[in-house]
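Remarks on the structure that follows.
The chains referred to below are lettered A, B, ... by the order of the sequence lines, with proteins before strands, and numbering in each begins at 1.
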Number of protein chains: 2
Amino acid sequence: MVEQLVRSRKGVARDRLLEATSQLLISRDTLEVSLAEIAAAADVNHGLVQYYFSGKEGLLLALLRRDAGAALDSLRKLVEFDLPPLKKLELHIRGVIRTYFRHPYINGLINLLQDSSPQNAAALANFFIKPLHEFQKRILTEARDAGLIRDVDPVLFYFSTIGACDHIFKSRRILPYAFDIRQIDTGLVRSYSDHVTKLILDGLRPERRA
Amino acid sequence: MVEQLVRSRKGVARDRLLEATSQLLISRDTLEVSLAEIAAAADVNHGLVQYYFSGKEGLLLALLRRDAGAALDSLRKLVEFDLPPLKKLELHIRGVIRTYFRHPYINGLINLLQDSSPQNAAALANFFIKPLHEFQKRILTEARDAGLIRDVDPVLFYFSTIGACDHIFKSRRILPYAFDIRQIDTGLVRSYSDHVTKLILDGLRPERRA
């Protein structure tokens with residue numbers, strides 16, 4: 001009973017640290033946030049960051065695992081849902097864009113972690129990229145088997161689609177200077193989602209019969 | 001005469017430093033290359049890096065200007081060439097992918113510089129993003145006026161297309177773990193170029209008439 005309570009309080013502190021990190025990364029719009037600031041924002045003893053995550057890299061990796069896990073959960077539900085395959089594809093693309101919009105630090109985290117070590121790159125591939133790719137493959141296969149899209153290599157599809165979804169977010173610091181866009185708001189996210197879904201769904205239409 | 005010679009030798013040293021930087025960034029596949037290593041590779045006095053570029057950030061910015069300039073020169077020629085608009089669009093997309101393949105550090109440089117200061121982000125927008133976008137707009141307008149593509153917002157097109165082109169390169173450290181791809185070779189670049197051009201060109205086809 002006491003042990004359970006201790007475990008659950010430990011879980012709470014860990015979750016609070018992750019959520020505080022997420023909020024700080026969003027509000028500061030940089031990964032340059034100190035552990036002291038994170039601990040203070042979470043109202044948790046500084047030393048616990050070391051205890052739970054063995055330092056900042058571990059904390060960032062855990063945050064990405066958390067966010068990736070949430071995104072993959074939604075995608076799993078979508079794949080299993082009873083919906084027309086093209087609707088699934090559309091909702092998947094809109095979901096990826098929404099994830100980047102809500103967690104604009106994801107891109108930076110992925111870059112940082114894949115560059116930091118082969119171990120982190122492999123971990124990232126296993127807990128995020130491979131499952132995401134597998135779900136996409138299932139949607140693509142379903143749509144192709146129903147004759148709704150042409151044949152497409154799911155690996156190439158993965159890169160072109162995710163790249164199309166994420167680029168506007170990773171370019172956010174250039175937007176004011178290049179396109180007079182002050183910030184990415186929900187209106188722009190809607191237009192961008194409409195644009196990308198139409199581009200990709202039309203781009204995958206089956207060949208016209210002669 | 002002597003002054004001309006000095007100017008030209010200065011130009012040579014500056015170009016050598018840029019080329020040495022480019023080569024080192026490619027062979028090491030990281031931006032973590034020291035000024036001493038660059039100066040040694042260029043066989044140029046260390047102090048000249050400071051003299052020409054006021055430090056590493058200036059050197060990296062100059063390298064991106066050089067590479068962006070070359071890419072924009074090709075694109076300008078392509079836009080002015082007497083070719084069918086869809087062929088221009090296809091060659092443009094293939095050219096973007098080829099640029100990322102030959103200079104895989106471009107992405108990292110863009111991220112680093114846009115994050116380093118609003119001044120660098122503004123410079124980047126002015127010497128690279130805006131002209132690139134303007135050229136794309138001309139190709140899109142030409143193709144649409146000829147009835148070959150539907151109407152598309154050129155700003156949204158910019159992000160989706162550039163993102164689709166670059167994502168496989170910025171993910172290169174994950175490829176072995178996620179997709180069992182050891183490295184990006186010319187065969188993969190060809191498949192990826194075919195995939196992205198087809199996706200985008202088909203994605204922009206005019207609406208079918210009822």
Can you tell me how far the [atom1] atom of [X] sits from the [atom2] atom of [Y], to the nearest 0.5 Å?
X	Y	atom1	atom2	answer
Phe159(B)	Phe169(A)	CZ	CZ	10.0 Å
Ile162(B)	Ile168(A)	CD1	CD1	13.0 Å
Gln114(A)	Lys170(B)	CD	NZ	7.0 Å
Asp153(A)	Asp194(B)	CG	CG	11.5 Å

Notebook entry, point to check: Run the side-chain contact (heavy atoms from CB on, under 4.5 Å) check on Arg173(B) and Leu113(A) step by step: do they pass?
Noted result: CA-CA 10 Å; Arg173(B) 292 180 214 282; Leu113(A) 292 168; over 6 Å; no
So what's closer than 4.5 Å to chain B heavy atoms on [X]: side chain, backbone, both or neither?
X	result
Leu188(A)	side chain
Asn111(A)	side chain
Pro176(A)	neither
Leu124(A)	side chain

Notebook entry, point to check: Between Asp115(B) and Arg172(A), is there a side-chain N and carboxylate O pair less than 4.0 Å apart?
Noted result: no
Check: So, Arg205(A) and Asp202(B), do they make that salt bridge, N to O below 4.0 Å?
Finding: no
Next item on the list: On the 0 to 90° scale, with breaks at 30° and 60°, tag the Phe179(B)-Tyr158(A) ring pair as parallel, tilted or perpendicular.
Entry: tilted
Notebook entry, point to check: Most heavy-atom pairs under 4.5 angstrom with chain B, which of Ser160(A), Cys165(A), Ala125(A), Ser171(A)?
Noted result: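 Heavy-atom pair counts peak at Ser160(A).
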Next item on the list: Pick whichever of Ile129(A), Ile174(A), Asp29(A) has the most heavy-atom pairs under 4.5 Å with chain B.
Entry: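 The residue among Ile129(A), Ile174(A), Asp29(A) with the greatest pair count is Ile174(A).
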Check: Within the side chain of Tyr177(A), is there an N or O that forms a donor-acceptor pair under 3.5 Å with the backbone of Lys130(B)?
Finding: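 Here the side-chain-to-backbone pair does not exist.
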Margin query: Which heavy atom of Leu156(B) sits nearest to which heavy atom of His195(A), and what is that distance?
Written below: O-NE2, 3.3 Å
